[in-house]
*Asks:* 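Okay, here's the structure, questions in a sec.
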Amino acid sequence: MGTVYLIGAGPGDPGLLTVKAREVLETADVLIYDYLANSEFLSYAKPDAEILYVGKKGGDHTLPQDKINELIIEKAREGRSIARLKGGDPYVFGRGGEEAEELVAAGIDFEVVPGITAGVAAAAYAGIPVTHRDFTTSVCFITGHEDPTKEKSGHNWAVYAKSTSTLVFYMGVKNLPMIAENLIKNGRDPETPVSLVRWGTRCTQQSFVSTLDKVADEAERLGFKAPSIIIVGGVCSLHDKLGWFEKKPMLGKGVIVTRAREQASGLVSTLGKLGACVHEFPTISIEPMADYEPVEKAILSLAAYDWLIFTSVNGVKYFWQQLDEIGLDSRILGGLEIAAIGPATADALREKGIKPDFVPEKYVAEGVVEGLLEKGIKGKKVLIPRALVAREVLPNELEKAGAQVEVLPVYETRLSNNDPEPIRAALKSGEIDYLSFTSSSTVQNFFELISAEEFKQYKDSVKIACIGPITAKTLGEYGFSPDVQPEDYTIPALVDELVADSAK
Ligand code: SAH
């Protein structure tokens with residue numbers, strides 16, 4: 001029989017998954033997950049893992065608990081290892097205890113991988129330490145939504161009210177008026193600070209502080225809904241002083257990233273660290289060439305060239321892949337001068353042990369030729385490993401300047417076959433603040449997937465960010481102009497510009 005792992009997925013920030021949880025997700029045969037568990041974690045699963053959603057959202061249960069238990073047991077009996085993923089910690093209001101009891105009864109082995117519970121993490125992200133020596137000696141986790149079939153309430157409001165404990169209520173937003181009233185009625189000071197944190201640790205986090213007598217009205221006025229935790233106690237007075245997460249410069253800003261998935265990770269993680277809600281929508285996919293014979297030939301006759309010019313990180317990647325295929329390495333480039341068109345490409349070369357002889361100050365083809373002429377490229381033989389379809393400006397200009405240029409396609413970019421529906425839904429719901437383009441082909445392909453005509457309706461609410469003038473020119477062909485564009489044509493400069501624009 002397989003082992004079942006009851007795993008806590010943490011409160012939402014994907015970085016708050018434990019190392020152990022990730023290891024289990026990567027090796028499990030079956031993944032069974034809930035509504036609150038971050039769907040990003042599903043990407044850790046093995047390619048052939050079976051993934052089952054049994055989520056619960058308020059009253060809308062996809063599968064009732066007893067059916068979930070049956071399902072887990074059935075899968076374990078098939079001898080497969082099972083990752084049962086739950087929001088926060090599996091044993092804190094996660095019904096993990098009940099599932100474990102069922103497993104024991106069925107004679108199935110199980111392990112628990114604790115997770116970071118929302119009551120602690122959402123509080124911390126909102127500037128509230130659940131214990132602090134100046135305020136309290138204890139903390140109490142309480143359900144704000146008791147099992148409705150229970151005959152007698154398990155709550156002892158008199159004890160909660162009289163204790164100096166920090167009270168952390170889960171699932172309590174609907175019952176907030178009742179909770180506040182019971183605490184006051186039983187003797188807690190109506191002036192006690194209370195805080196609500198919604199979607200804690202996520203880019204959509206919101207929080208506020210009030211007092212016990214006013215908090216229900218305030219929550220209603222602000223439209224606070226589930227999932228939120230309610231924190232009651234003196235520690236909430238630290239909210240403003242110790243709040244840090246909600247100060248992130250792009251918190252809650254929805255940004256569409258259209259780069260190819262292979263290239264997007266840097267931009268995606270930088271924006272995420274700044275608090276943005278990143279919507280990955282790769283419009284391009286990077287594919288190998290069908291035939292590498294020409295590349296092989298070029299590599300074997302490298303001695304005939306003087307310069308090698310790389311225009312992209314992918315160019316470097318695929319060129320080296322072919323070197324490797326033939327059983328060669330960077331030493332074969334010993335006699336050549338090497339240029340990188342941008343800082344990221346230069347870094348990719350350095351990773352291969354190559355210090356580029358030339359990196360231009362401005363990162364478009366036009367700016368490069370001048371610099372190369374100064375380096376004496378006139379009359380020289382130049383090889384440019386790059387994408388199959390790319391702008392011809394660099395080869396053309398170099399030829400005009402008297403170089404003998406040969407273009408060597410080492411990869412292809414294709415229109416990604418991404419489903420546009422999730423992005424369409426995000427645009428419709430008003431979650432998107434920025435649409436970012438990092439090359440002309442991202443523009444062209446985006447409007448293949450979502451037509452310019454369709455996008456027009458979002459013109460006023462969604463700002464368009466372009467990495468540089470060429471991308472902006474292509475955008476112009478679709479009838480739009482960029483709202484955000486950096487001076488320097490690099491990803492870090494684009495991010496800086498987005499941050500500056502977010503502050504407006
Ligand atoms: N096992 C989970 C709790 C499940 S009960 C844990 O340990 O965190 C579901 C309740 O948890 C929600 O109603 C809400 O009160 C709270 N919750 C879960 N994730 C949250 C989040 N990101 N922000 C605020 N509250 C959250």
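All values below come from the heavy atoms of this structure, side chains included, with hydrogens, waters and symmetry mates left out. Order of listing sets the numbers, starting from 1, for every ligand and every atom in it. Throughout, residue positions are numbered sequentially from 1 according to the sequence presented.
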*Asks:* Side chain or backbone, does T117 bring an N or O within less than 3.5 Å of an N or O on ligand 1?
*Replies:*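 There is such a contact, yes.
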*Asks:* Please state whether A226 comes within less than 4.0 angstrom of ligand 1, counting heavy atoms only.
*Replies:*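 The answer is no: ligand 1 sits nowhere under 4.0 Å from a heavy atom of A226.
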*Asks:* Check whether any N or O atom of V92, backbone or side chain, sits under 3.5 Å from an N or O atom of ligand 1, and answer yes or no.
*Replies:* yes
*Asks:* Could you check whether F480 and F447 have their ring centres less than 6.0 Å apart?
*Replies:*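 Judged by ring-centre distance (under 6.0 Å), F447 and F480 do meet the cut-off.
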*Asks:* Do the non-hydrogen side-chain atoms of L427 and I256 ever get within less than 4.5 Å of each other?
*Replies:*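 Yes, at least one pair of side-chain atoms sits under 4.5 Å.
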*Asks:* I'd like to check whether I116 has a polar contact with ligand 1, where a contact means an N/O of the residue lying under 3.5 Å from an N/O of the ligand.
*Replies:*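 N/O-N/O distance below 3.5 Å does not exist for this pair.
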*Asks:* Within ligand 1, which atoms have a heavy atom of D89 less than 4.0 Å away?
*Replies:*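 That gives atoms 1 (N), 6 (C), 7 (O) of ligand 1.
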*Asks:* Output yes when the distance from some N or O of ligand 1 to some N or O of M171 is under 3.5 Å, and no in every other case.
*Replies:* yes
*Asks:* Please name the pair of heavy atoms, one in P114 and one in P90, separated by the smallest distance, quoted to 0.1 Å.
*Replies:* CA-CD, 4.2 Å
*Asks:* Is any side-chain N of the basic residue among D501 and K504 closer than 4.0 Å to the acidic one's carboxylate O?
*Replies:*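 Between K504 and D501 there is a salt bridge, with a charged N closer than 4.0 Å to a carboxylate O.
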*Asks:* Does this structure show an ion pair linking K456 with E453, if we count only N-O contacts that are shorter than 4.0 Å?
*Replies:*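 Counted as a salt bridge, because a side-chain N and a carboxylate O are separated by less than 4.0 Å.
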*Asks:* In ligand 1, which numbered atoms sit nearer than 4.0 Å to a non-hydrogen atom of V197?
*Replies:*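 It comes down to these atoms of ligand 1: 24 (C).
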*Asks:* Using a 4.0 Å cut-off to any heavy atom of G87, which atoms of ligand 1 qualify?
*Replies:* 1 (N), 2 (C), 6 (C)
*Asks:* Just let me know how A118 lines up against ligand 1, side chain, backbone, both or neither, with a heavy-atom cut-off below 4.0 Å.
*Replies:* both
*Asks:* Between S228 and ligand 1, find which residue part has any heavy-atom pair under 4.0 Å and reply side chain, backbone, both or neither.
*Replies:*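 It is the backbone that touches ligand 1; the side chain stays farther off.
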*Asks:* Donor-acceptor check, side chain of T413 to backbone of I284, threshold 3.5 angstrom: yes or no?
*Replies:* no
*Asks:* Has ligand 1 got any nitrogen or oxygen that is less than 3.5 angstrom from a nitrogen or oxygen of G119?
*Replies:* no
*Asks:* Which atoms of ligand 1 are found less than 4.0 Å from any heavy atom of G200?
*Replies:*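 This gives 21 (C), 22 (N), 23 (N), 24 (C) as the contact atoms.
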*Asks:* Give a yes or no on whether a salt bridge exists between K20 and E23, defined as a side-chain N under 4.0 angstrom from a carboxylate O.
*Replies:* no
*Asks:* Determine yes or no for a side-chain-to-main-chain donor-acceptor pair under 3.5 angstrom, with N175 supplying the side chain and G144 the backbone.
*Replies:* yes
*Asks:* Please report whether ligand 1 has a polar contact with A122, defined as an N or O pair separated by less than 3.5 Å (distance criterion only).
*Replies:*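 It does not: no N or O of A122 is found under 3.5 Å from an N or O of ligand 1.
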*Asks:* Should the proximity of T201 to ligand 1, defined as any heavy atom under 4.0 Å, be assigned to the side chain, the backbone, both, or neither?
*Replies:* neither
*Asks:* Can the ring centroids of F93 and F141 be said to lie less than 6.0 angstrom from one another?
*Replies:* no
*Asks:* Is there a heavy atom of G12 sitting under 4.0 angstrom from any atom of ligand 1?
*Replies:*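 Distance cut 4.0 Å: G12 fails for ligand 1.
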*Asks:* Is the F110 to Y5 ring centre distance short of 6.0 Å?
*Replies:* no
*Asks:* Would you mind listing which atoms of ligand 1 come within a distance below 4.0 Å of any non-hydrogen atom of I229?
*Replies:*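 Here the atoms of ligand 1 in question are 15 (O), 16 (C), 24 (C), 25 (N).
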